[in-house]
Number of protein chains: 2
Amino acid sequence: MKAKITLKDIARELEVSISTVSKALKNSEEISRDTKEKVQAFAKLYNYKPNNIAISLKNKRTKNIGVVIPAIVHHFFTTVIRGIEKYANAHGYNVIVCLSEESFDKEVINMEMLANGSIDGFIMSLSSETQQKGDYNHLKEVTEQGIPVVLFDRITNEIDCDKVVIDDQLGAYMATKKLIDQGRRKIALITTDDYLSVSKARTQGYRKALQESDVDINESRILKLSTMEMDEERIQQFFDTNEVDAVLCVNEIFTVYSMRLVQEKGLDIPNDISFIGFTDGKLSRYANPSLTVVAQHGEKMGEISAQMLIDKVESEEEEESFQTKILEPTLVIRNSTIN
Amino acid sequence: MKAKITLKDIARELEVSISTVSKALKNSEEISRDTKEKVQAFAKLYNYKPNNIAISLKNKRTKNIGVVIPAIVHHFFTTVIRGIEKYANAHGYNVIVCLSEESFDKEVINMEMLANGSIDGFIMSLSSETQQKGDYNHLKEVTEQGIPVVLFDRITNEIDCDKVVIDDQLGAYMATKKLIDQGRRKIALITTDDYLSVSKARTQGYRKALQESDVDINESRILKLSTMEMDEERIQQFFDTNEVDAVLCVNEIFTVYSMRLVQEKGLDIPNDISFIGFTDGKLSRYANPSLTVVAQHGEKMGEISAQMLIDKVESEEEEESFQTKILEPTLVIRNSTIN
DNA sequence: TATTAACACGAAACCGTTTTCGTTTGATGC
DNA sequence: GCATCAAACGAAAACGGTTTCGTGTTAATA
């Protein structure tokens, strides 16, 4: 086991000072050709690599980005991470991922852990519990310390920071409109509780589309489920007691599960009933029939988030200007809707 | 913006030395009741939190775990990360995730980045390109530096370190046996190239089951695809030119896509043709029909990996003893097989 | 009264870098 | 022959902690 070699080791071996070694390795003009060559050769030979921790302590920059998200077994968040990773790595940053598992406490603990020097900034999406409580003090503390934060998808207006979202209302509007255009009138919405920022926006888009087309809004056709678990029974019951000819769901799972239920009832998708989901993941692509969805462009969202964060991290200026980037959702037409 | 407060700040403010503050906060017996209370109260008031970087530099431990995996948009890897996160967080560790994207170079770069002090140990699954090249020097270097490594799923025997795998051969064997027991004789295998350790083992299990039951092995019923992309055409062609009554696939995507193909041909699953896949993910659960799979227990695998790594990291002893943990796969019976 | 032990605290080294600010040496100018 | 200057290098502080080893004060003991 050959331990890591340090500047001090090189200095001792070559009988020069640590400063000389440091400068020589950086090709400083201060150091003579001879010495530089000697030092660099020695460093290469023993595979010297500077210690990141020491450098971090010195310049108070870690080159780490903290990502705090509610879950990872969701295709959407997975793609966002991928986008963050992609941009961050290309710019010399590592990504530290922490899962809040939709829990407020875990979110707070994770942030506190990371905020004590481990990271240069946060990219995060709020846990459902946090949005429910409406308690954002942990975010406030972090931003007050001068640590940049980028919120994506599940955001809040209570915190001044950069934000990236897709236009959820527009997405739901487009989807609903599409269903209406195809002659559907009894359009159901399967969503989660309104305290989730995205669900709220999507519900608004749904309502707006119906109103604009003078379709009556039947409240009993709106099903609100928990973010945490799939309540299969309530979905079953919903379809048992409601007559619908189209369904808009706020995620993949709700959609795919609902499709199976109505198929078991003998209904044909998309002829008897149409489906549109959110998130363009594998579930949607490989479902039977394949799913028409509102694509959220998670990877792009991740890239933009990382870019905004790194820009802030690397900008000297203290100017406190925050922007909110709104991405356009895209309707990906497949076989769960007509044509 | 209130900047982070340091020991030095507290010391200056309270007119004591830094050492006194440090000891007082650790409740050292050396310090008087009075001073301790004063210091602790002040620290609480100004929300003092020690700087992780400084501590890392001092004790040469970062409390970070580096995870290097080929991809994240695979349910299996996602669940492993979740398991690692769970165990690691519960033990005060953060998880730094790096994606190799199946690229050898990316894998090497990521490891080098992290090895320079950022992490205490690695948990990783090899990229397909690495397994293809058979070049494990980056792993060797890291282990020689004394950094603990745990390999999971995609492993190699060339490196001495802890390993966690499921018994892939057994998994494929069980699945194939199941199909044979149901009277299937023309069983296809859709897998990836043999250089992937897991694919090789699974192919062996498949062959073993057929041999034991005296079923002829028809090499044309074995389809080897690339790890990177879904070659839809080759799958289509495969089913056009082969007559099969059962299919074993090494991942979810291959299975689900294949099922759709044969369904479009008018075949009934599971009566005309049975399917078994690997990985018990959402795709399998919500496919139509739901998929019988060999469950890989990714989350458990992650937890065990994290446990093995943290044990090594925290053990003083230099004893070089490595173990390989082999998990038993489970056959989850659903509706893509009879009964 | 002199010695000593306990107590409470501070100085300083250390972790591995970077960087500023000397200092030494030899060469040059006048 | 002396001041000046550049070249080449080293000393030391700094980042923010931990920890070892004093050290001064007080009180108890001989």
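First the proteins, then the strands, lettered A, B, ... as listed; each starts at 1. Atoms considered below: every heavy atom in the structure, side chains included; atoms not considered: hydrogens, waters and symmetry mates.
- Checked for salt-bridge contact, B:E15 and B:K38 miss the test: no charged N lies under 4.0 Å from a carboxylate O.
- Residue contacts shown for B:T35 are limited to sugar-phosphate atoms, with no base heavy atom under 4.0 Å away.
- Within 4.0 Å of B:K58, counting heavy atoms only, lies at least one base atom of the nucleic acid.
- Checked for salt-bridge contact, A:E144 and A:K140 miss the test: no charged N lies under 4.0 Å from a carboxylate O.
- Using a 4.0 Å cut-off, some side-chain N or O of B:Y48 falls inside it from OP1 or OP2 of D:dG17.
- When distances are taken from the side chain of B:K8 to each of C:dT18, C:dC21, D:dC15, the shortest belongs to D:dC15.
- Of the candidates D:dG17, C:dG10, D:dC9, the closest approach to any side-chain atom of A:S32 belongs to D:dC9.
- Of the candidates D:dT18, C:dT17, C:dG10, the closest approach to any side-chain atom of B:K26 belongs to D:dT18.
- The side chain of A:A54 sits closest to C:dG16 out of D:dG22, C:dG16, C:dA11.
- For A:L7, counting side-chain heavy atoms from C-beta on, the closest listed nucleotide (C:dC9, C:dT18, D:dG10) is C:dT18.
- Taking the charged nitrogens against the carboxylate oxygens, B:E129 and B:K133 have no contact shorter than 4.0 Å, which rules out a salt bridge.
- Closest-nucleotide positions on DNA chain D for B:S22 and A:L57 were compared, and the one nearer the 5' end corresponds to A:L57.
- The side chain of B:T6 sits closest to D:dG17 out of D:dG10, D:dA8, D:dG17.
- A salt bridge does not link A:K86 with B:E101: every distance from a Lys NZ or Arg NE/NH1/NH2 to an Asp or Glu carboxylate oxygen is 4.0 Å or more.
- Among the protein residues, B:S19 comes within range of the nucleic acid bases, having at least one heavy atom under 4.0 Å from a base atom.
- Listed nucleotides: C:dG10, C:dC9, D:dC9. Nearest to the side chain of A:K23: D:dC9.
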